[in-house]
Engineer: 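My structure is below; once you've seen it, I'll send some questions.
We count residues from 1, following the sequence as given.
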Amino acid sequence: MKAIVLEAVGGPDHLRLLEVPDRDPAPNEVLVEIAAAGVNYMDVGTRVGMYSIAPLPMTPGVEGAGRIAAVGEDVRNLKIGDRVAWFFAVGSYAERIIAPAEAMVPVPDDIDLKTAAALLMQGLTASHLVTDTYAIKPGDVALVHSAAGGVGLMLTQLIKLRGGRVIGRVSSREKVEVVKAAGADHVIVDRFGNFADEVLHLTEGAGAHVVYDGAGADTFQGSLASLRYHGVLAYYGQTIKRQPPIDLLDLPKSVLITYPVVHHHVRTRSDLLARSQALFDRVREGRLNVRIGHQYPLAETAQAHIDIASRRTTGKLLLIP
């Protein structure tokens with residue numbers, strides 16, 4: 001089969017399309033013909049050596065959807081031909097993947113496989129942020145950074161579904177309409193971290209109840225300044241720019257700071273299935289729109305990495321084997 005292989009960390013040119021050997025699934029594993037694979041910022045972090053998810057050489061990518069082509073021994077409740085999606089299975093930049101059966105989420109017949117591939121990682125992340133991290137209540141004000149990105153658009157929609165008010169922040173005017181279409185009440189265009197005064201103006205000086213910040217050090221102080229008393233700063237994302245050490249005594253307004261991790265949202269298979277089904281239900285009902293920003297063949301994986309790192313894209317990027 002064809003797969004993207006990363007033999008050494010480095011630039012996008014290190015992502016090589018090669019022919020690699022197939023193997024049969026072991027017990028409790030499935031073989032899936034991939035229909036689409038999601039491209040995430042964490043994949044860029046893997047490529048440049050920010051962290052390791054598997055020994056080199058390896059096939060990057062952790063998210064996708066497709067049809068089961070074979071099952072190993074001891075696999076229950078899954079069979080050949082089933083449509084499935086996953087949000088964390090290493091090796092998704094390929095024509096086929098062998099992955100743990102417990103990582104597979106059945107995809108309803110009325111949900112397109114590309115939609116499923118674009119939904120789980122960012123949808124589950126956004127679900128975690130608006131429930132367990134800070135439970136959005138009617139009337140709450142949330143500042144959403146990178147609001148035109150995949151997580152940002154999901155966050156905006158889920159916050160609105162829970163009755164919250166969204167102030168989205170984007171880096172260029174070209175992204176404003178996309179964020180407004182997702183339901184944002186206000187959109188701030190800002191590239192340099194000068195957004196806090198506008199947030200305070202929009203909230204009549206009170207500040208936001210919660211800030212969802214996947215940018216990191218460049219926005220940290222502005223995010224703190226945007227919060228109200230006892231507000232929550234949710235600082236998320238594996239490739240977030242690291243914040244220098246801070247003195248807790250310097251934190252203003254009795255704010256709370258947290259670093260949510262999506263795996264903590266789906267610690268059991270029952271959690272994974274229930275929360276994924278809730279996302280599928282919202283898509284089916286027309287209450288959650290999955291925006292696919294661009295689709296690339298496997299041979300153009302390097303370009304997909306260049307595009308997502310540029311911050312010029314909107315929505316989800318997919319690879320199509």
Engineer: Do other residues, nucleotides or ligands put more than 12 heavy atoms under 6.0 Å from Glu73 CD?
Structural biologist: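 Atom CD in Glu73 is not crowded, with 12 or fewer foreign heavy atoms closer than 6.0 Å.
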
Engineer: Quick check: do Thr46 and Tyr51 have side-chain heavy atoms less than 4.5 Å from each other?
Structural biologist: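 They are in contact (side-chain heavy atoms under 4.5 Å apart), so the answer is yes.
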
Engineer: Quick one: pull up CD in Glu300 and CG in Leu17 and give me the separation to the nearest 0.5 Å.
Structural biologist: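 One finds 11.0 Å between CD of Glu300 and CG of Leu17.
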
Engineer: Crowded around Asp197 CG? As in, over 12 foreign heavy atoms under 6.0 Å?
Structural biologist: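 Result for CG/Asp197: open.
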
Engineer: Can you tell me how far apart OG (Ser223) and CG (Asp218) are? Round to the nearest 0.5 Å.
Structural biologist: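 Here the rounded value is 10.5 Å.
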
Engineer: Within a strict 4.5 Å, meaning less than it, do heavy atoms of the Val90 and Val62 side chains meet?
Structural biologist: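 In short, these two side chains touch, coming nearer than 4.5 Å.
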
Engineer: Step by step, would you call His263 with Phe87 a ring pair (Phe, Tyr, Trp, His ring centres under 6.0 Å)?
Structural biologist: CA-CA 10 Å; His263 287 85; Phe87 89 98; 5.2 Å; yes

Engineer: Please indicate whether Arg284 has more than 12 foreign heavy atoms, meaning atoms of other residues, nucleotides or ligands, lying under 6.0 Å from its CZ.
Structural biologist: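 Result for CZ/Arg284: enclosed.
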
Engineer: Do Ile68 and Leu113 share a hydrophobic cluster, counting only Ile, Leu, Val, Met, Phe, Trp and Tyr and linking them when any side-chain heavy atoms are less than 4.5 Å apart?
Structural biologist: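 Not linked; separate clusters.
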
Engineer: Quick one: do Ile4 and Val48 end up in the same hydrophobic cluster if we chain Ile, Leu, Val, Met, Phe, Trp and Tyr together by side-chain heavy atoms under 4.5 Å apart?
Structural biologist: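 In one cluster: yes.
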
Engineer: Indicate if Leu129 and Val166 have the same hydrophobic cluster label, given that clusters are the connected sets of ILVMFWY residues with side-chain heavy-atom separations under 4.5 angstrom.
Structural biologist: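 As far as the 4.5 Å side-chain criterion goes, Val166 and Leu129 are connected within one cluster.
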
Engineer: Which residues satisfy the side-chain hydrogen bond (donor to acceptor under 3.5 Å, both in side chains) test with Arg269, sequence neighbours excluded?
Structural biologist: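 In terms of side-chain hydrogen bond (donor to acceptor under 3.5 Å, both in side chains), with neighbours along the sequence ignored, Arg269 is linked to no residue.
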
Engineer: Report whether Val290 and Leu319 are members of the same hydrophobic cluster (ILVMFWY, side-chain heavy atoms less than 4.5 Å apart, transitive linking).
Structural biologist: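 Yes, same cluster.
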
Engineer: How far does OG1 of Thr314 sit from CD1 of Ile292, to the nearest 0.5 angstrom?
Structural biologist: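 Rounded to the nearest 0.5 Å, the OG1-CD1 separation comes out at 11.5 Å.
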
Engineer: Should we count CZ of Arg16 as having more than 12 external heavy atoms under 6.0 Å?
Structural biologist: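 No - once you tally the heavy atoms of other residues, nucleotides and ligands closer than 6.0 Å, there are 12 at most.
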
Engineer: Please tell me whether Tyr134 and Tyr212 form a close aromatic pair, meaning their ring centres lie under 6.0 Å apart.
Structural biologist: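 Between Tyr212 and Tyr134, which both carry aromatic rings, the centre distance is not below 6.0 Å.
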
Engineer: Would you indicate whether Glu102, at its atom CD, is surrounded by more than 12 heavy atoms from other residues, nucleotides or ligands within a distance under 6.0 Å?
Structural biologist: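 Not buried by this count: 12 neighbours or fewer within 6.0 Å.
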
Engineer: Do you know the tightest heavy-atom contact between Ala118 and Gln122?
Structural biologist: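 Heavy-atom minimum between the residues: O-OE1, 4.2 Å.
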
Engineer: Taking C-beta and beyond as the side chain, do Pro260 and Asp132 meet within less than 4.5 Å on heavy atoms?
Structural biologist: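 No, every pair of side-chain atoms sits at 4.5 Å or beyond.
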
Engineer: Quick one: pull up OG in Ser171 and CD1 in Ile188 and give me the separation to the nearest 0.5 Å.
Structural biologist: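 Here the interatomic distance stands at 13.0 Å.
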
Engineer: Could you check whether any side-chain heavy atom of Val187 comes within less than 4.5 Å of a side-chain heavy atom of Val170, counting everything from C-beta outward?
Structural biologist: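 Side-chain contact under 4.5 Å: yes.
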
Engineer: Among Ile, Leu, Val, Met, Phe, Trp and Tyr joined by side-chain contacts under 4.5 Å, find the other residues sharing a cluster with Leu31 and list them by chain and number.
Structural biologist: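 Members alongside Leu31: Ile98.
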
Engineer: Look only at the side chain of Thr133 and the backbone of Val130, and say whether a donor-acceptor pair between them is shorter than 3.5 Å.
Structural biologist: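 Side chain of Thr133 to backbone of Val130, a donor-acceptor pair under 3.5 Å: no, none is there.
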
Engineer: Aromatic ring centroids of Tyr236 and His128 under 6.0 Å?
Structural biologist: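 They do not qualify: ring centres at least 6.0 Å apart.
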
Engineer: Compute whether any side-chain donor of one residue and acceptor of the other, for Asp43 and His305, lie under 3.5 angstrom apart.
Structural biologist: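 No, His305 and Asp43 have no side-chain donor paired with an acceptor closer than 3.5 Å.
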
Engineer: Can you tell if the side chain of Leu124 reaches within under 4.5 Å of the side chain of Leu272, non-hydrogen atoms only?
Structural biologist: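 Yes, their side chains come closer than 4.5 Å.
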
Engineer: With rounding to the nearest 0.5 Å, note down the distance linking CG in Leu161 to CG in Leu288.
Structural biologist: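 Reported to 0.5 Å precision, the distance equals 7.0 Å.
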
Engineer: For His294 and Thr313, which I'm curious about, is there any donor-acceptor pair between the side chains at under 3.5 Å?
Structural biologist: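 Side-chain D/A pair, His294 to Thr313: absent.
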
Engineer: Are more than 12 heavy atoms from other residues, nucleotides or ligands located less than 6.0 Å from atom CG of Asn77?
Structural biologist: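 Result for CG/Asn77: open.
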
Engineer: Would you find a donor on one side and an acceptor on the other, under 3.5 Å apart, between the side chain of Arg275 and the backbone of His265?
Structural biologist: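 Present.
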
Engineer: Are the side chain of Tyr235 and the backbone N or O of Ala217 linked by a donor-acceptor pair below 3.5 Å?
Structural biologist: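 Yes: the side chain of Tyr235 pairs with the backbone of Ala217.
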
Engineer: Could you go step by step and tell me if Ile167 and Glu198 meet the side chain to side chain contact (heavy atoms under 4.5 Å, CB included) rule?
Structural biologist: CA-CA 10 Å; Ile167 301 172; Glu198 183 65 13; over 6 Å; no

Engineer: Give a yes or no on whether Arg267 atom CZ has more than 12 heavy-atom contacts from other residues, nucleotides or ligands under 6.0 Å away.
Structural biologist: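 Result for CZ/Arg267: open.
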
Engineer: Taking atom CD as the centre, does Glu204 end up with more than 12 heavy-atom neighbours from other residues, nucleotides or ligands that are less than 6.0 angstrom away?
Structural biologist: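 Count not over threshold, so no.
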
Engineer: Checking the side chain of Arg47 only, and the main-chain atoms of Val9 only, is there a donor and an acceptor separated by less than 3.5 Å?
Structural biologist: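 Absent.
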
Engineer: Is there side-chain contact between Leu15 and Leu6, with at least one heavy-atom pair below 4.5 Å?
Structural biologist: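 When only atoms from C-beta onward are counted, Leu6 and Leu15 do touch, with a gap below 4.5 Å.
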
Engineer: To the nearest 0.5 Å, how far apart are CE in Met104 and CD in Glu29?
Structural biologist: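 One gets 10.0 Å once the value is rounded to the nearest 0.5 Å.
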
Engineer: Main chain of Asp271, side chain of Thr268: is a donor-acceptor contact present, judged purely on distance under 3.5 Å?
Structural biologist: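 Yes, Thr268 side chain to Asp271 backbone: donor-acceptor pair under 3.5 Å.
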
Engineer: Is the shortest distance from a Lys or Arg side-chain nitrogen in Arg165 or Asp185 to a carboxylate oxygen in the other one below 4.0 Å?
Structural biologist: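 Here Arg165 does not pair with Asp185 in a salt bridge, since their nearest N and O are not under 4.0 Å apart.
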
Engineer: Partners of Pro321 by side chain to side chain contact (heavy atoms under 4.5 Å, CB included), sequence neighbours excluded?
Structural biologist: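 Partners of Pro321 under the side chain to side chain contact (heavy atoms under 4.5 Å, CB included) test: Ile34, Glu95, Leu298.
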
Engineer: Give the intermediate values and the outcome of side chain to side chain contact (heavy atoms under 4.5 Å, CB included) for residues Tyr41 and Ile308.
Structural biologist: CA-CA 7 Å; Tyr41 281 106; Ile308 197 169; 3.7 Å; yes

Engineer: Would you say the side chain of Ser226 lies within less than 4.5 Å of the side chain of Leu233, judging by non-hydrogen atoms?
Structural biologist: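 Side-chain contact under 4.5 Å: no.
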
Engineer: Membership question, hydrophobic clusters at under 4.5 Å side-chain separation (ILVMFWY): are Val39 and Met58 in the same one?
Structural biologist: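 The answer is yes; both residues are in one hydrophobic cluster.
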
Engineer: Taking Arg83 for the side chain and Ile111 for the main chain, is one N or O donor matched with an acceptor at less than 3.5 Å?
Structural biologist: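 Side chain of Arg83 to backbone of Ile111, a donor-acceptor pair under 3.5 Å: yes, one is there.
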
Engineer: For residues 54-67, pull every pair meeting side chain to side chain donor-acceptor pair (under 3.5 Å), keeping only residues two or more places apart or in separate chains.
Structural biologist: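 As it turns out, the side chain to side chain donor-acceptor pair (under 3.5 Å) pairs with a partner in residues 54-67, which skip direct neighbours, are Asn40-Glu63, Glu63-Lys316.
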
Engineer: Is the centre of the His264 ring less than 6.0 Å from the centre of the Tyr259 ring?
Structural biologist: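 No.
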
Engineer: Could you list the cluster mates of Ile306? Members are the ILVMFWY residues connected by side-chain heavy atoms closer than 4.5 Å, either directly or through other members.
Structural biologist: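 Joined to Ile306, directly or through intermediates: none.
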
Engineer: Between Phe280 and Val107, does a side chain to side chain contact (heavy atoms under 4.5 Å, CB included) hold up when you go through it step by step?
Structural biologist: CA-CA 8 Å; Phe280 288 139; Val107 176; 4.3 Å; yes

Engineer: By the rule that ILVMFWY residues connect when side-chain heavy atoms come within less than 4.5 angstrom, directly or transitively, which residues belong alongside Val5?
Structural biologist: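 Listed partners: Met1, Leu18, Val20.
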
Engineer: Do Ile257 and Leu224 have side chains that approach each other closer than 4.5 Å (heavy atoms only, starting at C-beta)?
Structural biologist: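 Yes. Closest side-chain heavy atoms under 4.5 Å.
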
Engineer: Please test Lys114 against Gln295 for side chain to side chain contact (heavy atoms under 4.5 Å, CB included), starting from the C-alpha separation and ending with a verdict.
Structural biologist: CA-CA 10 Å; Lys114 291 181 180 178; Gln295 303 177 49; 2.9 Å; yes

